[in-house]
Structures are given as structure tokens and as C-alpha cells.
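Residue numbering restarts at 1 for every chain, and letters A, B, ... go by the order of the sequence lines.
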There are 2 protein chains.
Amino acid sequence: MKITPMTQSLVLHFGEMGSRWGLNRTLGQMYAVIVLTEAPLNADQISEALQISRSNVSMGLKELKSWNLIKLHHIPGDRKEYFSAPSDIWEIARTLVVERRKRELDPTLSTLRDALMEQPSNESDEYAQMRVKQMHDLMEMVTLWSNEMQGMSSEKLSALLKLGEGISKILDVKDKLLLR
Amino acid sequence: MKITPMTQSLVLHFGEMGSRWGLNRTLGQMYAVIVLTEAPLNADQISEALQISRSNVSMGLKELKSWNLIKLHHIPGDRKEYFSAPSDIWEIARTLVVERRKRELDPTLSTLRDALMEQPSNESDEYAQMRVKQMHDLMEMVTLWSNEMQGMSSEKLSALLKLGEGISKILDVKDKLLLR
DNA sequence: CTGAATTTTCAGTAATTTGTGAAAATTGTA
DNA sequence: TACAATTTTCACAAATTACTGAAAATTCAG
């Protein structure tokens, strides 16, 4: 598959960013080309578009699947598998947040809980445990939000984000409002 | 500096997670030991506690400084520099969000803007540009939030996060409330 | 200003991560 | 079931990233 110069430069950029996003260069490039192309693509097309080996594409797809970021299609009369990204960008964002939470927060939350169960052996352990408690509570709240987000419709999510600076005002009046 | 078993296991865990957090193993370990220790530490103490070279610590501190994650102290009569983490965990979280946004979103936002300025050369470019527009708008909203967060007090931030599932309800009644 | 203490830099090496081709496994159709 | 098409796995190679010790630079007390 040929790729337009515009897509090409976006793909390169997403490759660069991929590493900063917990993925890696190839994964970033692969997802870019999938997101930016309307028709579902098969592994060979991706391999050709990005000039990477077929086996590398296979591994990349495996990982994108584990992130729930791609949809699988079958084209009648064609044995190949075709892949596309969700058409709703909010769905992609929601998935990214949830999956990153699973990878970045959940394991730590569990380690922090373990540390809280331990008996502090001295003063410095007591301090450490106090810090652990703070981190734990904060991360638990973030987890709650991420769960909340998971269940929100794209419309609602969009409305929430659009609040932007309005959020501060809302916080100020929230108590009054909810008491009615 | 000796390190208690409890701190030790937390440090190891944060090392593992470090890589998932856009830092790296050593950076994760370094920040863990700094956050979990009450007294500010100097480079030699960190080097000893983590069993890594003095030069590695120097490079790590440089990076932690660039993330605005550590505070510098001087102890009278001692020429060494001492480092600590903010005592307010919310401040740490706020800084992390802002710095990650700088690294993960800002460069992409600018690339997306560039792509939007270009003249689509054909139908597939038109589709790509439509996707770019969606991503751009979404990321811009997230940026707005991150800026908002930057200016929020720890108390307010905490209150906001505590809303948790309440956020949905608030969204539902927001229009009514703000119209009064 | 001198020089000892301290921090930073950097070139080389070590460790880790990523990518490939070939072979194995799987899939689906005839 | 047989077999060709397709996908996956995996051992090795390539590329990238992280770590070290030695040397250079900086800092500051006297």
C-alpha cells in the first residue's frame, strides 16, 4: 500500500511519540496508519506501508489487540484478516485511559496495599507508610474516575471535557446544587 | 545510607514501574527513595542506597530536576546538595500531569495543527485530515484541563477527584445550576 | 586566588529492547 | 482429509538506551 506524504509525516511523528506513550515506535506507526486510513487494512498492507517485516506487523497487531485498540474484519472471499480503529475517537481515548490505568496504576496500587499491611519496624518506616497511604488514596481516586469514564458515553465524555475551566465554578456551587 | 526492607521492596517496585511511566528503572527507584524518606538526601546517599554509580545519580537528578519533581536544600556547614520531594502528594501529582502533558501531548498537538493547514491532495488525505481534526480537538480539551489543574489548589483538586461517580450527576444538573 | 570538595560530562561498555527471516502452527477450502 | 494460504513464534541480529569510571568543570572556604 502506498501512503500519501501527509499520512507519511503523521505516521513518522506518531512513531516518535509512540515511545513516550508506553508503546514503541513501530506500534505508534502502525496505529497511526490504521487510524488514518478509512478502509480496514491487512497485515501485508501495513508491512508494505511502513516498510517493516511481516513478522514485526504480526507482533504489533498482537499487542494492539491486547490494548483493545483495533477491530477485526473479514472480507468475503478473502482469507486475510483486516484491521481498523474505532471510528469514534472518544472510544479510542476511553480505551487508552483504561488500558494505561491497568498497566500503570493497578500493579502499583496492589503493591502499595501490601506495604500498608506491614508492621512498620521503625520511625522511617512509619514515615514511608504515611507517604504510601497518601499515594494509595490518590491512586484509588484516579482509578475510580477511570472506571467512571469507562462507562460514559462519548457524548457525555465530550461534554465533561468541554467544561474546561468551568469545572472550577461547578465545584464551587456543587454543594448547593446537590442539596436541592 | 541503609534502607529498610519495606522501603527496599517499594523502591524495587517503583523501579519496575518507572519504565511504564516514561521514566526509566533508575529514575523510578531514585524518586521512590526520595519520596519515602523524610530527610532530604544527598547524591552519595542515593548512590549507596540504590547501589548505583555516583555519575548515574547525577544524571538521574538532572532529569528529575527537568521534571520539577525535586526540591533542593542546603545544610549549613555542608557543601553537599540535598534533595527532597514535595511533602504535598497532590503537588507531585499535579506536576506529573503537567510534565507528561508537555512531553506527550504538546508536540503532537503541534504536528496535528500543521497537518490541518495542509491542502488535502485526494480523498484519503481528506479522511486522514478529518481524523486529525478529531484528535486535535480532543487533545486540546485535555490540554485545557491540564492547565486548569495546574492552577488548582490541592484541596480543590482533592475535592474534584473525590467526586468520583458524582461527576455524572453533576453533569446532568449543570445547566440548571449555572443558569441561576 | 588556591585548592580541596563536589558535581557534571562523556566516551566506551553493558544491558535491554526491537526487528528479522525461517520455520512452525493455524486456518479454511476444495 | 489434504494442502495452500496465512499467521504466529522464536532464535538470532541490529539498534537503542542505560550505566560506569575517569576526567573535566564548578563551587566555595580560607
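Relative to the ring axis of B:W67, B:R103 places its NZ or CZ within 45° and under 6.0 Å from the centre.
Atom P of nucleotide C:dT17 and atom CG of A:L27 are separated by 15 Å, given to the nearest angstrom. In this structure, A:N42 atom CG and D:dT8 atom P are separated by 12 Å, rounded to whole Å. The nearest whole Å value for the distance from the CG atom in A:D44 to the P atom in D:dA5 is 13 Å. For the pair A:N56 CG and D:dC10 P, the interatomic distance rounds to 16 Å; values are reported in whole Å. In this structure, A:M59 places its CE atom 12 Å from C1' of D:dA11, rounding to the nearest Å. A:K65 places its NZ atom 13 Å from the C1' atom of D:dT9, with the value rounded to the nearest Å.
Residue whose closest nucleotide on DNA chain C sits further toward the 5' end, between A:R79 and A:N24: A:N24. When each of A:R54 and A:L23 is assigned the nucleotide of DNA chain C with its nearest heavy atom, A:L23 is the one assigned upstream, toward the 5' end. If you find the closest nucleotide of DNA chain D to B:Q51 and to A:L61, the one lying nearer the 5' end belongs to A:L61.
Of all nucleotides listed (C:dT20, C:dT6, C:dT9), C:dT6 comes nearest to the side chain of B:D78. Comparing D:dA22, D:dT7, D:dC19 by their closest approach to the side chain of B:S55 singles out D:dA22.
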Inset, instruction - Please step through side chain to side chain contact (heavy atoms under 4.5 Å, CB included) for the pair B:D125 and B:N122, ending with a clear verdict. - result: CA-CA 5 Å; B:D125 263 6; B:N122 56 35; 3.6 Å; yes
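OP1 or OP2 of D:dC19 has at least one side-chain nitrogen or oxygen of B:T26 nearer than 4.0 Å. For the pair B:K80 and C:dA4, the criterion of a side-chain N or O lying under 4.0 Å from OP1 or OP2 is not met. One finds no side-chain N or O of B:R25 lying less than 4.0 angstrom from the OP1 or OP2 phosphate oxygen of D:dA18. The side chain of B:K62 places no N or O atom within less than 4.0 Å of a non-bridging phosphate oxygen (OP1 or OP2) of C:dT7.
With contacts defined as side-chain heavy-atom distances shorter than 4.5 Å, the pair B:M135/A:I89 qualifies.
Counting only distance, with no hydrogens or angles, the side chain of B:Q129 and the backbone of B:A115 share a donor-acceptor pair below 3.5 Å. Using a distance-only test at 3.5 Å, with no hydrogens or angles considered, no donor-acceptor pair links the side chain of B:W90 to the main chain of B:L157.
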